[in-house]
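Structure first, then comments.
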Amino acid sequence: MSQKPKPSHGLTVCPDCAEPLESGDRFCGACGHDLTAVPVAEVEPDRPTVAIGTPVAWPDAPPRDPGSLSTATQHPGDLPGTDSGGRDLPTMAVRTDGPVPPGADPAGETTAGSGDFELAAPDPRAAVRVDPAPAAPAPAPTPSPAPAAAPAAPAPAAGAAPGSALCVACRAGRVDTDGYCENCGHAQPRERDHMERELGSVAAVSDRGLRHHRNEDAFAVSATTLPDGSPATLAIVCDGVSSATRPDEASAAAAEAAGASLLAALPRGTHPQQAMHEAIVAAAEAVNSLAEEPGQDGAEHDPHRHRNAPACTIVGSVVADGLLVVGWVGDSRVYWVPDDRATPAARLTEDDSWAAQMVAAGLMNEAEAYADERAHAITGWLGADAYELEPHTAAFKPDRSGVVVVCTDGLWNYAEGADDMARVIPADASDRPLHSAQVLVGHALDGGGHDNITVALVPFTVAPQGAGSA
């Protein structure tokens, strides 16, 4: 669960008394603390953070209309950066001539889809996975039939509407239009309470958790191909901001838009890091549009609705052609866990949060900051009231096989450090990503399940030397 603080110039709250700050404040209005004496961490530009050895040739991507947002499209070749030794990163080669990529026409429009975009598939809270067609509205969850050895279910309660769903609790009453059983009064599971999806190269699980009345997380997973025919796998995870209106709609809209953007960009040759940046911009535009649409809470009649507009965080990864690209806004995370657990795991993202801001400013150490009750107040999110969109992206080229963990804070609250995440993820995660995602969600539920929990796992395989061309 994420919460939005009020935006400010450098800090969201006074470091002395925690009073909310306004943009341009020089002194705290409550305690008089001199804010000009607080060191503000410089904002680092987006850049690859690990040296990429062999340049990767990609055709020029078609130009993108900047749209309604102020953020310019980020081209990886324009990004400065250094490796861990302080040396300049090599510039990626960009192919500007040659044949038109397969599946695209000369104008750059994709003529044949090379992957199916998959939103989170609805599933009742039972362990059975349900995978309806992604393009159609999700059907109401249907209880699994009783095993052959089980006694027949009791006759439906008198007056039950013919054709209505059977209660998953008493197996006798019919479910009314309000979602409750007419016989026993039990509330029925909603389609987003538990969701699972597995493709050959990626799997994801999302659960409502034990304390929340609805699931405000969403995910999208998919696989496609690059212009040279090599595979590309993507995972997007979004966490609705609970203090905003319609957070569940925001996360769903963002996941769908980002996934669709990546599926359109990657097959036509857009560099994965640029594609990730554009996907976040597309997700932001989708969430922004919700502030103009009627909602079930009547917020469309509120003249101040943009002050607490639908909002969410976003994090995603793309595995393609030996690269691992991540992008994010907010406090959802990506972890890298090698198959060889003797080598260290790593967190690949930095939170947009109060805690991270305090650590960056040198006001607290990490343990102190994340122990504070304000730790999860986010300083970056997607939504009409976010006062500047600053997508973060980074590119990596792992030298060994492993698994990419893309998750919301509902999981990493129970496995915060990279080593903690490596300890709880099964050793065969690369071979059984769905099972491993289920284990991680179970770990969070066993820990208390205080928040919605969503995790996507993307195996990353490095071919052994001499196994063929890269």
Side-chain angles (χ1 to χ4, degrees), residues 48 50 52 54-62 64 73-76 92-95 98 100-104 108-119 134 197-204 219-237 255-283 314-328 334 336 348 391 393-398 401-406 430 433 456-463 468-470:
V50 169
I52 298 175
T54 305
V56 180
W58 297 89
D60 275 332
R64 181 187 179 280
T73 298
Q74 174 192 70
H75 295 270
M92 288 186 177
V94 177
R95 188 171 72 245
V100 176
E109 296 297 329
T110 301
T111 57
S114 50
D116 293 326
F117 172 50
E118 301 292 351
L119 280 178
R197 183 67 185 170
E198 182 180 36
L199 301 176
S201 53
V202 61
F219 66 78
V221 296
S222 188
T224 185
T225 55
L226 302 179
D228 63 0
S230 61
T233 306
L234 63 95
I236 298 291
V237 167
E256 180 177 9
S261 177
L262 286 168
L263 279 184
L266 292 171
R268 67 173 182 247
T270 305
H271 189 285
Q273 190 170 359
Q274 180 185 341
M276 177 62 74
H277 181 98
E278 294 183 351
I280 295 175
V281 173
I314 186 170
V315 66
S317 72
V318 172
V319 170
D321 200 34
L323 292 179
L324 166 55
V325 171
V326 300
W328 74 99
V334 176
W336 163 252
L348 306 183
T393 62
F396 304 86
K397 193 173 181 68
S401 298
V403 65
V404 184
V405 182
V406 187
S430 291
L457 295 184
V458 187
F460 185 102
T461 302
V462 174
S469 59

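The figures here come from the full heavy-atom set of this structure, side chains too, leaving out hydrogens, waters and symmetry mates.
- Closest heavy-atom contact between Ala203 and Pro433: CB-C, 3.7 Å.
- Not a single donor-acceptor pair under 3.5 Å links the side chain of Ser317 to the backbone N or O of Val326.
- Shown here for Ala265 and Ala275, the closest heavy-atom pair between the two residues is CB-CB, 3.9 Å.
- Residues Gly316 and Val334 share a closest heavy-atom pair of O-CG2, 4.1 Å.
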>> As a quick check of understanding, evaluate side chain to side chain contact (heavy atoms under 4.5 Å, CB included) for Val458 and Phe460, giving each step before the final call.
In response: CA-CA 6 Å; Val458 187; Phe460 185 102; over 6 Å; no
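- Atom CZ of Phe396 is separated from atom CG of Leu348 by 4.5 Å, given to the nearest 0.5 angstrom.
- Distance check: Lys397 NZ to Asp321 CG gives 6.5 Å after rounding to the nearest 0.5 Å.
- Looking only at atom types and distance, the side chain of Thr393 has a donor-acceptor partner in the side chain of Gln273 under 3.5 Å away.
- Looking at heavy atoms from C-beta onward, Leu457 lies out of side-chain contact with Val202 at the 4.5 angstrom threshold.
- The shortest non-hydrogen separation linking Ala320 to Ala232 is CB-CB, 3.8 Å.
- Looking at every heavy atom in both residues, Val319 comes nearest to Val404 through CG2-CG2, 4.4 Å.
- Between Thr233 and the options Pro459, Ser201, Ser222, a side-chain contact (heavy atoms from CB on, under 4.5 Å) holds for only Ser201.
- A distance of 12.5 Å separates CD in Glu256 from CD1 in Ile236, rounded to the nearest 0.5 Å.
- With values rounded to the nearest 0.5 angstrom, Thr224 atom OG1 is found 11.5 Å from Arg268 atom CZ.
- Among all heavy-atom pairs drawn from Pro391 and Val281, the shortest one is CG-CG2, 4.4 Å.
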